[in-house]
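Naming convention: chains lettered A, B, ... in sequence-line order (proteins, then strands); numbering from 1 in each chain.
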2 protein chains.
Amino acid sequence: MSGQEVEGAARGRRVGLTRSRVLDAALEIIDRDGLAALSMRRLGAALGVEAMTIYHYVPNKDALLDGVLEEVFRQSYSRRLRSGSWQEQLRSYAHPLVDQLREHPGIVPLMVQRPALTSQTLGMMEQGLEVLHAAGFPLPRALQMIHALIGLAIGHVVAGGADDSEDRLGHLAQEDLSTFPLVGRAVQDAGGSHLPEPFETALDAMIRGFEADLSTSA
Amino acid sequence: MSGQEVEGAARGRRVGLTRSRVLDAALEIIDRDGLAALSMRRLGAALGVEAMTIYHYVPNKDALLDGVLEEVFRQSYSRRLRSGSWQEQLRSYAHPLVDQLREHPGIVPLMVQRPALTSQTLGMMEQGLEVLHAAGFPLPRALQMIHALIGLAIGHVVAGGADDSEDRLGHLAQEDLSTFPLVGRAVQDAGGSHLPEPFETALDAMIRGFEADLSTSA
DNA sequence: TTGACCACTCATACGGCGTAAGTTTACGGT
DNA sequence: ACCGTAAACTTACGCCGTATGAGTGGTCAA
């Protein structure tokens, strides 16, 4: 009882870290305080560990970020898509994507910043290509469509899908409403009517466009 | 000739800086070496000035980044859209956006990271809303469409529009082609056939979708 | 002409960042 | 009981953004 181990941080004390636990903690920080708040030292602190310890589970911070990204989409795109028309399949393909982005808006910058051609993202693309190729789209066209779909999801989260977007837009309403009247009214009306599902309608529009495209070339 | 002023950096020496010149230099660094390479010290060096000098033209780095973003879209969205059907107007609305993004891919992360509800971006939105509102779309719906359009542009630049995307995808082709055959073939075929204009077709698909939407509700 | 003001620039310093290098501890297998 | 090694820590370096304050030179009033 000499009180020597009171201060944590015993040098060789095992803490039971795991790559997965590290990634989860990182995602938690990103979700709570944003991507900029994620530093190796803060992550270490959250795990009860010094920063350098993390480097035993991840080669560097970029790899950590890639790992977080991969983790986020792992569950969504490991299982098979349910069957149905290609339109339905495409919808069920896009939904987990936008759901995850809405749940973790902080990772959107990651998707944009990192090349992110990990096996996970490639797997996502492959899965989408299967659906569209089977539906009769030429592969390069199908690839464009996947890009468009991902872009649509990102755009929706960035520009309007994040839950605080109404707040942000509504916040500055006072002064700029007069300069940009339509924007103001659009926000106001949207808040009132509460559209059924914004992403849904945009997705449907795009799918209808694809339909026309398919019937033209087929 | 005592050789006292040999080392640059005379203390009160005017250099002829301007907020605009600062923003231009910042954009140049972003274009050449990427967003991560832009630091106040590097920017200062590029301008022949110490880092702190920049703070006389910009309150902090975030404001600098917002300024760059604003600069990029200033020219594109200061003039009126040319007249025509709303479809044509929408196309002419989207083009400068995607053109600028393709020319300055480094600013895409900025669009995603910063709230970017500057008067510039609001002006962009207002302009788009005018077109769609005049075409008969309800304002909240029109706002969604603008979001979708912006998202589409971003997605295209991020996922496939940047000129090096073929390189990036083609690079890892060797090993992963067998694991993700469709992705490989899609890239290969796309490289061969050189589609006329990838963004064009995606944009058209979305517009067709919007058309169907309009005729339904009208 | 002089002198005061002020716009502009620089120097210094602080805390935080990613991470390279090396050190210490304790667990698992012999 | 021993030891190799995995897991943790310590220290240090060169970056970063920026707060603070001091120096400098052009402008303009007196």
### Task
List for me each residue that meets salt bridge (charged side-chain N to carboxylate O under 4.0 Å, His left out) alongside A:D62, sequence neighbours excluded, and say none if there are none.
A:R114
Rounded to the nearest 0.5 Å, how far apart are [atom1] of [X] and [atom2] of [Y]?
| X | Y | atom1 | atom2 | value |
| --- | --- | --- | --- | --- |
| A:F73 | A:I107 | CZ | CD1 | 4.0 Å |
| A:L203 | A:L90 | CG | CG | 6.5 Å |
| B:K61 | B:I54 | NZ | CD1 | 10.0 Å |

### Message
Mind checking if A:G16 touches a base, just sugar-phosphate, or nothing, with heavy atoms under 4.0 Å?
### Response
sugar-phosphate
#### Entry: Base of C:dG16 paired with side chain of A:R41 (donor-acceptor, under 3.5 Å)
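A donor-acceptor contact between them is absent.
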### Task
Please report the closest heavy-atom contact between B:L43 and B:L64, naming both atoms and the distance.
CD2-CD2, 3.8 Å
### Message
Without decimals, in angstroms, what is the distance between B:M52 CE and C:dA13 C1'?
### Response
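Computing the B:M52:CE to C:dA13:C1' distance gives 11 Å.
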### Phosphate OP1/OP2 of D:dA8 contacted by A:Y57 side-chain N/O (<4.0 Å)
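Yes, within the criterion.
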Select one nucleotide: of [options], the one nearest the side-chain heavy atoms of [X].
| X | options | value |
| --- | --- | --- |
| B:V49 | D:dG17, D:dA8, C:dT9 | C:dT9 |
| A:N60 | C:dT19, C:dT9, C:dA11 | C:dT19 |
| B:R42 | D:dC9, C:dT19, D:dC16 | D:dC16 |

### Query
A:L139 versus A:L132: any side-chain heavy-atom pair under 4.5 Å?
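No, their side chains stay 4.5 Å or more apart.
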### Query
Are any of the side-chain heavy atoms of B:H133 and A:R185 separated by less than 4.5 Å?
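Result yes, sub-4.5 Å side-chain heavy-atom pair found.
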### Task
Specify the residues of residues 25-40 of chain B, ordered by number, for which at least one heavy atom lies under 4.0 angstrom from an atom of DNA chain D.
B:L38, B:S39, B:M40
#### Entry: Derivation of the side-chain hydrogen bond (donor to acceptor under 3.5 Å, both in side chains) call for A:H104 and A:E71
CA-CA 12 Å; A:H104 310 290; A:E71 184 100 326; over 6 Å; no
Under 3.5 Å, which protein N or O atoms sit close to an N or O of nucleotides 3-6 of chain D? Give each pair with its distance.
| from | atom 1 | to | atom 2 | distance (Å) |
| --- | --- | --- | --- | --- |
| D:dA6 | N3 | A:R14 | NH2 | 3.3 |

